[in-house]
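Reviewing the structure listed below.
Worth knowing before you read on, the calculation uses all heavy atoms, side chains too, and leaves out hydrogens, waters and symmetry mates.
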Amino acid sequence: MEKIEHTTVATNGINMHIASIGTGPEILFLHGFPDLWYSWRHQLLSLSSLGYRCIAPDLRGYGDTDAPKNCREYTVFHILGDLVGLIDSLGIDKVFLVGHDWGAMVAWYFCLLRPDRIKALVNMSVVFHPRNPHKSFVQISRDLFGDDYYICRFQEPGEVEEDFAQMDTARIIRKFLTSRNPKAPCIPKEVGFRGLPDNPNLPSWLSEKDINYYAGKFNQTGFTGGLNYYRCLDLNWELTAAWTGLQIKVPVKFIVGDLDITYNMPGAQDYISKGGLKKYVPFLQEVAIMEGVAHFLNQEKPEEVSSHIYDFIKKFN
């Protein structure tokens, strides 16, 4: 870990913290919520040792990267502006892209809007869904699961932050990272996120040091930056109308755990296995379903995930 370099890059009007290591073809790693560059720590070390330059930023609103106050400054266009500016400032033409959770959603948009900057994509947990011209993702989620669904609960500024403030930050991180319930999380207001089950024992892949790293950073920043990504979902839907029906046309590998919430959403498994995803991602070349693995697969099974990434991207060097 001490070999990983930490620098700050000015991009798109903000200062972005990046962790990087290695030389060779560049891999850009995008984290999710509630996460940081740190979620890729294993992959940075593993893939840099195989001859790659590995770059993992704290995305806008997270960790040591700036967090604009205006919640409308977290659209995919803002995030992609940050990332294109980042690779421009580093003198990089094209990258291998790796995403997870919200980072996967950003990665899909990156490939949709700027495929000229991407060699190939390895995406995890979140599949690509084409834009529905009639309903936003938030409305679709509300119709499926009701107002208590976590994405719907995240919409109102300040509400979830108040809920989180009633818990120790380390406890919040533990709840998220150690959850293995594949059901769609619905959290009634009267129960709150504090009502989610606590796991008394950390899994072997997660240490108290890891929890404390996350907690230290989120104690400094709070969770608002990350929650603002969810609060821009409707705005993203409005702004991306011109790209309705467009396909993802870069080489893609998709990885998901069979205990992941996303894999157990209604229709998700058929969409992945029966041609739905391939229809909208025509250059989808590989799909890996990891058995007995939950959402944070890049940390739960670091060696396997690193191998999945390497085995795919080496074909495009």
Side-chain angles (χ1 to χ4, degrees), residues 30 32-34 59-61 70-80 99-113 123-164 176 179 181-193 195-196 223-248 254 256 260-272 274 276-277 279-281 295:
L30 306 179
F33 176 88
L59 295 178
R60 172 181 289 237
N70 186 345
C71 70
R72 293 174 67 87
E73 292 182 21
Y74 289 81
T75 70
V76 290
F77 293 99
H78 290 90
I79 310 306
L80 293 184
H100 173 252
D101 187 81
W102 251 107
M105 288 187 67
V106 171
W108 290 125
Y109 277 113
F110 205 152
C111 294
L112 192 72
L113 302 176
N123 238 3
M124 303 179 203
S125 294
V126 177
V127 295
F128 176 72
H129 281 290
R131 181 183 181 276
N132 184 317
H134 308 293
K135 281 187 179 181
S136 73
F137 182 74
V138 174
Q139 188 56 54
I140 292 168
S141 299
R142 202 181 302 276
D143 291 347
L144 276 173
F145 303 114
D147 291 338
D148 291 339
Y149 185 54
Y150 79 104
I151 287 175
C152 302
R153 287 288 318 280
F154 283 176
Q155 294 303 306
E156 185 63 35
E159 183 180 297
V160 171
E161 288 92 329
E162 187 176 328
D163 189 350
F164 284 177
F176 275 103
S179 174
N181 184 350
K183 294 182 179 178
C186 293
I187 299 97
K189 288 184 182 181
E190 61 272 17
V191 175
F193 284 83
L196 291 174
F223 291 90
T224 299
L227 291 167
N228 283 341
Y229 286 60
Y230 295 91
R231 291 164 185 160
C232 279
L233 280 167
D234 279 345
L235 184 55
N236 288 337
W237 179 76
E238 293 175 20
L239 295 174
T240 55
W243 290 273
T244 301
L246 209 60
Q247 294 174 313
I248 301 288
F254 181 70
V256 66
D260 198 318
I261 292 165
T262 62
Y263 188 64
N264 290 278
M265 289 291 182
Q269 295 176 30
D270 282 349
Y271 178 71
I272 293 168
K274 296 184 178 179
L277 181 58
K279 177 181 177 181
Y280 299 107
V281 187
H295 184 65

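Using a 4.5 Å cut-off on side-chain heavy atoms (C-beta onward), N132 and Q139 make no contact. For the pair L233 and M105, the minimum side-chain heavy-atom distance is below 4.5 Å. Between W243 and L112 there is a side-chain heavy-atom pair separated by less than 4.5 Å. Proximity of Q269 to Y263: side-chain heavy atoms (C-beta onward) are separated by under 4.5 Å at one or more points. Contact annotation: the side chain of L113 approaches that of F77 to within less than 4.5 Å [non-hydrogen atoms, C-beta and beyond]. Side-chain contact between D163 and R153 is present, with heavy atoms from C-beta onward closer than 4.5 Å. Residues I248 and Y280 fail the side-chain proximity criterion, which asks for heavy atoms closer than 4.5 Å. Between L59 and L30 there is a side-chain heavy-atom pair separated by less than 4.5 Å.
Taking the centre of each ring, F193 and F154 come in below the 6.0 Å mark. Between H295 and F176, the distance separating the two ring centers is not shorter than 6.0 angstrom.
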Item to check | Stepwise side chain to side chain contact (heavy atoms under 4.5 Å, CB included) test for I151 and F137 | outcome: CA-CA 10 Å; I151 287 175; F137 182 74; 3.5 Å; yes

Checklist entry - How far apart are the C-alpha atoms of I272 and F254, what are their side-chain angles, what is the distance that settles it, and do they pass the side chain to side chain contact (heavy atoms under 4.5 Å, CB included) test? => result CA-CA 9 Å; I272 293 168; F254 181 70; 3.9 Å; yes

Checklist entry - Given the rule in the side chain to side chain contact (heavy atoms under 4.5 Å, CB included) test, do N264 and K183 qualify, once you have shown the distances and angles that lead to the verdict? => result CA-CA 7 Å; N264 290 278; K183 294 182 179 178; over 6 Å; no

Item to check | Intermediate values then yes/no, ring pair (Phe, Tyr, Trp, His ring centres under 6.0 Å), Y150 and F33 | outcome: CA-CA 12 Å; Y150 79 104; F33 176 88; 8.6 Å; no

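Judged purely by atom type and a 3.5 angstrom limit, D101 has no side-chain atom pairing as donor or acceptor with the backbone of G103. A donor-acceptor pair under 3.5 Å is absent between the side-chain atoms of W108 and the main chain of N123, judged by distance alone. With hydrogens and angles disregarded, a donor-acceptor distance shorter than 3.5 Å links the side chain of R60 to the backbone of E73. Between the side chain of D148 and the backbone N or O of C186 there is no donor-acceptor pair closer than 3.5 Å. Judged purely by atom type and a 3.5 angstrom limit, E161 uses its side chain to pair as donor or acceptor with the backbone of G158. For D260 (side chain) and S125 (main-chain N/O), no donor-acceptor pair under 3.5 Å exists by modelled atom type.
The two residues N236 and T240 come nearest to each other via the heavy atoms O-OG1, 2.7 Å. Nearest heavy atom pair, residue T75 against residue H78, reads OG1-ND1, 2.7 Å. Between G146 and C152 the shortest heavy-atom distance is O-SG, 3.7 Å. Considering every non-hydrogen atom in both Y149 and A184, the closest pair reads CE1-CB, 3.9 Å.
Note on ring orientation: taking the six-membered ring where Trp is involved, the planes of Y229 and Y74 are tilted (angle from 30° to 60°). In this structure, H129 and Y271 have parallel ring planes: the angle between them is below the 30° cut-off, well short of the 60° mark.
Note: L227 CG to E159 CD = 11.0 Å, rounded to the nearest 0.5 Å. Taking CD of Q247 as the reference point, atom CZ of F128 lies at 9.0 Å (rounded to 0.5 Å).
Within a 6.0 Å sphere centred on CD of E162, other residues, nucleotides and ligands contribute 12 heavy atoms or fewer.
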